Every structure is written in structure tokens, then in C-alpha cells.
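Here the structure is laid out as C-alpha cells; the discussion comes afterwards.
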Amino acid sequence: MKILILGINGFIGSNLSRSILESTNWKVSGLDLRQNNIKKMLSNKNLTFHLGDVNQEKEWVIHEILTSDVVIPLTAIATPMSYIKNPLSVFQSVFETNMYIIKECVRQKRRIIFPSTSEVYGMCDDLPFNEKNSQLVLGPIHKERWIYSCSKQLLDRVIWAYGKEGLPFTLFRPFNWIGHGQDSIYNPKKGGSRVIPQFLGNILRKEPLQLVDGGEQKRSFTDIKDGVNALIKIIRNDSGKANGKIFNIGNPKNNASIKEVANMLIHSLRAYPEYRDLVSNVKIETVPKEDFYGSGYQDVQQRIPDISDIQESLNWSPSIPLNKSIENITSYMIKNIDHKIFELPVTGY
Ligand code: UGA
């Protein structure tokens, strides 16, 4: 089997391809603008990597779709701040780019595994969110936060409609996947990274952790390893059980408020003697959402996935508790940190 992963150097792409190369004999073909996260894999004989922009390398992309069994397009902008600051770039990179990939899969009759998002449920009140029954609730147009959700929702609908005409597909909805390889802790911009790398960068830069509107809003955080295991089952597609499906992929047991996550990160870093002083001085403050993100933001208060469909169809369940994921993230960070950037003492870890 040959799998084409567009955006292979990204958070999901790099973790997925590493796991595929380690645990299967599948061939992987990948494209990305960068290669820092996949450096160690580049010598693997089952990986072919092409450095470039998915919108400029159309000839290569079209040829790779033709010669692959499965196409997984993962190029995306996925930080809420960019939905508000650069809504048109989000539309172009999420909607327009994926539209051309989807049309090629239709034309070449290739199976597509497409990343939808937990964001499509928006401000739905259901607990949990169900793929078949929950309403998709977005705010008014001047709340630019929803352009990502809306773009992905329309792509979901387009793929679903092509599915009725014979396109083989699976849609998956990641619920706050976390782990190493996510956004950069070195990005000093407010909202430049999703919440965990954002808070870690704040701690290392000796900045306060800012809880938007008090941090009572909750997410069901999911370890990337659990997410990748689900994706491998979807790719494997035993007895065709992933065909024409939409699967939530998340960990309902890891439902925690942002305030709790801030405290868990501090607690986890406290285990390292060299970091004790740094974390004892961390301040946690509340900031109104308008001050943090601007007026185009609306938040999601609760986001719990119903995972019964993927549990029953593919016999997948998440197993990694949030405190373990956080321990892994901080331990990886400490081992790999660039001390000069943060002016930190070099530790023995
Ligand atoms: C994310 C992104 O839209 C996508 O990555 C993805 O599709 C989806 O959710 C997902 O991963 O399932 P969100 O969960 O809002 O959206 O992303 P974060 O930026 O990680 O924010 C989580 C929460 O932390 C939000 O309520 C935000 O307001 C809060 N936050 C963030 C803070 O309180 N302080 C900060 O410094 C940063």
C-alpha cells in the first residue's frame, strides 16, 4: 500500500508517518514546505519526500495521487488567532487548496482520508458531540473565528456528496490532539500556538499564563499517539468498516478546563529541580477574550466527543490520560530545548 501525506512535516503528518514507517511495510510519499520534524525519517527506504508548496507543485501532486492508494491532505493553518487575524489565508489554505486535492481524488478515483475538525460542532450544546445527530452551531459572520470551521464543514459536505457518487472516503475529527511536534514553544506571539505550547513558551519566557475569560472552558485533550493509532486503523480499513464514515477521534475522559491544564503544566515542570524556581514565580492571570483575540472571537465552552462509532466500527479506544501526555510533553521539551533562546540554565536532562 502507498499513502500520500500532504503536509507530512506538520504535527499529525510527522507523528503519523513515523508510526507507519515503524509499524508497517507501507510506502509513504510526503510533501511539505519544511522537513525539520521528519529529518530522522528521510533515510527510510519506504519514505519519499518532496520539499515544496502543495499549490505550486501541482504536477507532482497529481502524479502522486495517481500512484497512491490513499490520500491524506493535512496542510492547514490551525491556530484560532490566525482565523481572526488572517481569515482569507485560512480560507485559501484550508478550503481552496483542499478543494483541488479532493477534485483530483474524484477524477482519479482515489481513496481520501480527510481531516475534518472538532471545530465544526462550534458552540453546540450537546454533551457529547455526535457525528450523526449534533447540530453544527457557528456565530455571525463578523466573528471571524468560524471561517476555519465553516471551510472545513463545507469540505465535509462536498466530500460526503462526492461519496454518494462513488468517491471512497473517511472523514475524521481530531479533538484537541496534543503531543510533541505541535506548535512551536519559541513563537513569542500571543495566540501564535495552541494552548499547551503557548503556555510552555509563556513559562519559559517568564510571562504570565493568560486564561482567556478565566479559563473555565473545557477541551477533551487527546494524546497524538492515540490519534495516530486511530488513523492507522482507518487507513487499514479492515472489512471496509471506515468507508463513508465520519469519526470523532478524541478522549472524553481527558476533559479538563484550561485553568486545570495551566496548573498541570506547572505541576509537571516542578518535578525538574532546575525548573522549580521558574515555575514558582509563574503568574496566572485572567484576560477578557476581546483583549486576547480581538472582537472576532467566540469560544467553545464544552467540547466532548462521542466516540462510540469508531469504538464499535474499528475497535479503537484512547488509552493515554492527560497527566501522562503532559508529563511526556514537558519531558520531551526539556530534553530538546534550546536554552540560549530562553536564557535558561543547561540541565542534565
Ligand atoms: C483548536 C483549533 O481550532 C484547531 O487546532 C483544532 O481544529 C481544534 O481546536 C482541535 O484541536 O480540536 P481551540 O481548542 O480553541 O481550537 O484551540 P487552543 O488555541 O488550543 O485554545 C484552547 C482554549 O484555551 C481556548 O478556550 C482559548 O481561549 C484558551 N487559551 C488559549 C487561553 O486561555 N490562553 C492562551 O494563552 C491560549
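The model shown is predicted, which means the values in this text are computed figures rather than measured ones. As the structure lists them, so they are numbered: ligands from 1, and atoms in each ligand from 1.
- Gly244 and Trp160 make their closest contact through O-CZ3, 3.6 Å (heavy atoms, listed as atom of the first residue, atom of the second, distance).
- A side chain to side chain contact (heavy atoms under 4.5 Å, CB included) with Pro197 is found for exactly one of Ile185, Ile178, Asn202, namely Ile185.
- The backbone and the side chain of Asn176 each have at least one atom closer than 4.0 Å to an atom of ligand 1 (non-hydrogen atoms only).
- Here the protein heavy atom with the shortest distance to atom 26 (O) of ligand 1 is Asp299 OD2, 2.7 Å.
- With a 4.0 Å heavy-atom cut-off, ligand 1 is reached by the side chain of Arg145 but not by its N, CA, C or O.
- Here Ala78 has heavy atoms under 4.0 Å from ligand 1 in both its backbone and its side chain.
- Each of the following atoms of ligand 1 lies closer than 4.0 Å to a heavy atom of Leu211: 33 (O).
- Every heavy atom of Lys289 sits 4.0 Å or more from the atoms of ligand 1.
- The side chain of Tyr297, and not its backbone, has at least one atom closer than 4.0 Å to an atom of ligand 1 (non-hydrogen atoms only; side chain from C-beta on).
- With salt bridges taken as basic N to acidic carboxylate O contacts below 4.0 Å, none links Lys39 and Asp32.
- Counting heavy atoms from C-beta on, the side chains of Asp306 and Asp126 never come closer than 4.5 Å.
- Which parts of ligand 1 touch Tyr83 is read off a 4.0 Å heavy-atom cut-off, strictly below it: atoms 2 (C), 3 (O), 4 (C).
- With a 4.0 Å cut-off on non-hydrogen atoms, Gln210 touches ligand 1 through its backbone and not its side chain.
- Protein heavy atom in closest approach to atom 15 (O) of ligand 1: Arg219 NH2, 2.9 Å.
- Contacts between Ile258 and ligand 1, counted as non-hydrogen atom pairs separated by less than 4.0 Å, involve the side chain only.
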